[in-house]
*Asks:* 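Take a look at the following structure, please.
Start at 1 and go down the list; that is how both ligands and their atoms are numbered.
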Amino acid sequence: MDRIRIVGGHALEGTIAISGAKNAALPLMIASMLTRDTLTLENIPRVADVGMLLQILSHHGVDYSVDGRRPGDDPHASRTLHLTARDIVDTTAPYDLVAKMRASFWVIAPLVARMGEARVSLPGGCAIGTRPVDLLLMVLERLGAEIEIESGYVRATARNGLVGAEIHFPKVTVGGTHTALMAASLAKGHTLITNAACEPEVTDVADCLIKMGAKIKGVGQSTLEVEGVGSLSGATHSVVPDRIEAGTYAMAVAMAGGDVLLERASPDHLGSALEVLGQAGAAITINNEGIRVRRNGAGISPVDVETAPFPGFPTDLQAQFMALMTKAKGNSRITETIFENRFMHVQELARLGAQIRLDGDVAYVKGVKELQGAPVMATDLRASVSLVIAALAAKGETVVNRVYHLDRGFERLEQKLGRCGAVVERISGSN
Ligand code: EPZ
């Protein structure tokens with residue numbers, strides 16, 4: 001297993017190109033199953049989760065090709081994928097595939113909508129909480145599917161097709177909203193979705209579905225209306241820039257100091273995080289190329305933060321922000337409201353000298369003068385990158401183990417940081 005070695009204490013200077021958003025790319029790839037035609041997706045990030053989802057989609061009969069690099073292209077340019085689900089050859093998504101990646105459960109929506117049946121393994125627990133799928137199943141039931149659960153599998157059937165309905169989410173859910181949009185697009189009649197997620201990744205999926213011929217109103221808002229159509233067609237769509245990647249590097253700069261342009265980052269998608277970073281002492285400026293983040297020697301101020309659905313502070317930046325707060329000049333309070341157990345990074349940050357006390361869904365962080373490098377372990381994607389952020393400002397050497405978590409969602413992190421002056425290297429190895 002690869003490891004990442006970081007020697008802290010080097011300010012970051014330069015430009016980081018922000019990749020396409022993993023959390024938009026995955027549902028967009030799944031949306032390709034809604035049509036017999038080819039869906040072309042540009043700006044697909046080179047992350048492990050994309051590769052894993054391609055395997056899963058292939059299992060269902062999706063053919064794909066990846067554009068090669070042309071002479072003169074940036075060697076690090078993101079990829080273009082062509083996905084064609086001419087015929088769905090298998091409506092079962094088996095445990096060994098779904099267990100690898102939770103988002104693959106979302107294949108249930110296009111399978112039922114297009115084929116009238118799906119048998120998809122329950123995804124099971126994961127490192128950040130129990131993460132049930134009850135609301136996704138509620139969506140399909142509302143749209144007329146029969147749901148049975150047997151031997152760890154969900155069987156959803158709608159032999160005569162799905163039918164539009166009213167869907168109210170008691171809790172904002174990104175995956176639930178993706179499921180509702182995809183399924184309702186091919187359902188007969190009108191669907192009204194209330195308390196829908198407004199995350200930019202949901203909007204990106206809705207925009208792509210509209211290009212494919214779906215009739216969706218209210219995109220970007222919490223009430224969505226969908227008028228089902230008989231079939232969808234192919235389209236070309238470019239994946240939105242990754243706001244979580246951009247927010248992560250913004251926090252890295254706030255932590256390590258320096259001056260970095262986050263190229264292509266969209267400020268509209270990062271409002272609350274940028275505001276909090278400003279309060280913490282980073283200087284944020286927006287220009288045509290992206291977001292510029294600077295911090296001089298003035299130090300980091302403590303800020304209290306509570307995660308919330310978009311446009312609130314994203315849970316996917318909570319661990320990174322906590323890393324930043326470990327070196328703040330005072331105490332801060334971080335409340336996690338989305339996932340009940342998303343504090344796996346706390347123990348590992350403590351290994352670097354952070355002082356954090358947990359009480360239910362609140363972490364109390366007491367800023368320390370200095371963090372000290374140490375061997376640490378990545379536990380999930382965002383937790384891993386929080387360790388990288390802490391390591392950038394820690395004294396001495398930190399080795400982050402189990403880097404495969406990072407590779408699931410961050411494209412060439414060590415190269416992006418390395419080019420800005422961080423001392424960071426990947427060590428290939430078997431332990
Ligand atoms: C998406 O997960 C993202 N994953 C997550 O990013 C992100 O943290 C999360 O949205 C919240 O923004 C992808 O896009 C691939 P939810 P999702 O349904 O859709 C509860 C990362 O690091 N809930 O919005 O699975 C759930 O337990 C990942 O990139 C139910 O109770 O999250 C949670 O408390 C991690 N029943 C809340 O809703 C359900 O049926 C929000 O979850 C579904 C969800």
*Asks:* Can a donor-acceptor pair be found between the side chains of Thr248 and Gln320 at a distance below 3.5 Å?
*Replies:*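 The answer is yes; a qualifying pair exists.
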*Asks:* Distance only, no hydrogens: is a donor on one side chain within 3.5 Å (strictly under) of an acceptor on the other, for Arg5 and Thr398?
*Replies:*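 Side-chain D/A pair, Arg5 to Thr398: absent.
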*Asks:* Where the side chain of Asp90 meets the backbone of Thr92, is there a donor-acceptor pair that is under 3.5 Å apart?
*Replies:*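 Yes; judged by distance alone, with no hydrogens or angles, the pair exists.
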*Asks:* Return yes if some donor-acceptor pair links the side-chain N/O of Ser233 with the main-chain N/O of Met212 below 3.5 Å, else return no.
*Replies:*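 Looks like yes, one N/O pair under 3.5 Å.
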*Asks:* With sequence neighbours excluded, tell me which residues meet side-chain contact (heavy atoms from CB on, under 4.5 Å) with Ser185.
*Replies:*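 Partners of Ser185 under the side-chain contact (heavy atoms from CB on, under 4.5 Å) test: Leu209, Ala214, Ile216, Val226, Leu232.
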*Asks:* Does the N or O separation between Leu135 and ligand 1 drop below 3.5 Å for any pair?
*Replies:*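 Yes, there is a polar N/O contact under 3.5 Å.
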*Asks:* Quick one: look at Asp134 and ligand 1, take heavy-atom pairs under 4.0 Å, and tell me if it's side chain, backbone, both or neither.
*Replies:*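 The part of Asp134 near ligand 1 is both the backbone and the side chain.
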*Asks:* Which one of Gly175, Ala21, Ala197, Ser104 has a non-hydrogen atom at the shortest distance from atom 19 (O) of ligand 1?
*Replies:*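 The residue whose heavy atom sits nearest atom 19 (O) of ligand 1 is Gly175.
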*Asks:* Around atom NZ of Lys366, are there more than 12 heavy atoms of other residues, nucleotides or ligands at under 6.0 Å?
*Replies:*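 Result for NZ/Lys366: open.
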*Asks:* When only distance counts, is Ile338 in polar contact with ligand 1, meaning an N/O pair under 3.5 Å?
*Replies:*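 The answer is yes, given that Ile338 and ligand 1 share an N or O pair closer than 3.5 Å.
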*Asks:* I'd like to know whether ligand 1 has Val172 as a neighbour, heavy-atom separation below 4.0 Å.
*Replies:*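 Flag set, Val172 near ligand 1.
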*Asks:* Would you say Arg342 touches ligand 1, if touching means a heavy atom closer than 4.0 Å?
*Replies:*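 Yes; Arg342 lies near enough to ligand 1 that a heavy-atom distance drops under 4.0 Å.
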*Asks:* Is Met138 touching ligand 1 with its side chain, its backbone, both, or neither, if touching means heavy atoms under 4.0 Å apart?
*Replies:*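 Neither part.
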*Asks:* Please list all pairs passing the ring-ring contact (aromatic ring centres under 6.0 Å, His included) test where one or both residues lie in residues 341-366, with sequence neighbours left out.
*Replies:*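 Qualifying pairs: none.
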*Asks:* Considering the heavy atoms of Arg102, write down every atom of ligand 1 situated less than 4.0 Å from one of them.
*Replies:*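 In order of number, 25 (O).
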*Asks:* Consider ligand 1: state whether an atom of it lies below 4.0 angstrom from any non-hydrogen atom of Lys22.
*Replies:*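 In this structure, Lys22 qualifies as a contact of ligand 1 - some heavy atom is under 4.0 Å.
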*Asks:* Does ligand 1 have any atom sitting under 4.0 Å from a heavy atom of Gly176?
*Replies:*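 Gly176 does not count as a contact of ligand 1 under the 4.0 Å cut-off.
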*Asks:* Is there a donor in the side chain of Glu336 and an acceptor in the side chain of Thr315, or the other way round, less than 3.5 Å apart?
*Replies:*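 Looking only at side-chain atoms, Thr315 and Glu336 do form a donor-acceptor pair, the distance falling under 3.5 Å.
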*Asks:* Where on Leu137 is there a heavy atom closer than 4.0 Å to ligand 1, on the side chain, on the backbone, on both, or on neither?
*Replies:*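 No part of Leu137 comes within reach of ligand 1.
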*Asks:* Check this for me - ligand 1, Val174, N or O atoms closer than 3.5 angstrom, yes or no?
*Replies:*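 Yes - when backbone and side-chain N and O of Val174 are compared with those of ligand 1, one distance drops under 3.5 Å.
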*Asks:* Assess His178 for proximity to ligand 1: is some non-hydrogen atom of it under 4.0 Å away?
*Replies:*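 The answer is no: ligand 1 sits nowhere under 4.0 Å from a heavy atom of His178.
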*Asks:* Quick one: look at Thr173 and ligand 1, take heavy-atom pairs under 4.0 Å, and tell me if it's side chain, backbone, both or neither.
*Replies:*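 Near ligand 1, Thr173 shows its backbone as well as its side chain.
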*Asks:* Does ligand 1 have any atom that is closer than 4.0 Å to a heavy atom of Trp106?
*Replies:*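 Right, Trp106 reaches ligand 1.
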*Asks:* Applying a strict 4.0 Å limit to heavy atoms, is Glu201 in contact with ligand 1?
*Replies:*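 Outside the 4.0 Å threshold, so no.
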*Asks:* Return the minimal non-hydrogen interatomic distance between Ser386 and Ala319, and the atom names on each side.
*Replies:*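 The pair with the smallest heavy-atom distance is CB-O, 3.2 Å.
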*Asks:* Look at atom CD of Gln347 and say whether more than 12 heavy atoms of other residues, nucleotides or ligands are closer to it than 6.0 Å.
*Replies:*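 Counting other residues, nucleotides and ligands, CD of Gln347 stays at 12 neighbours or fewer.
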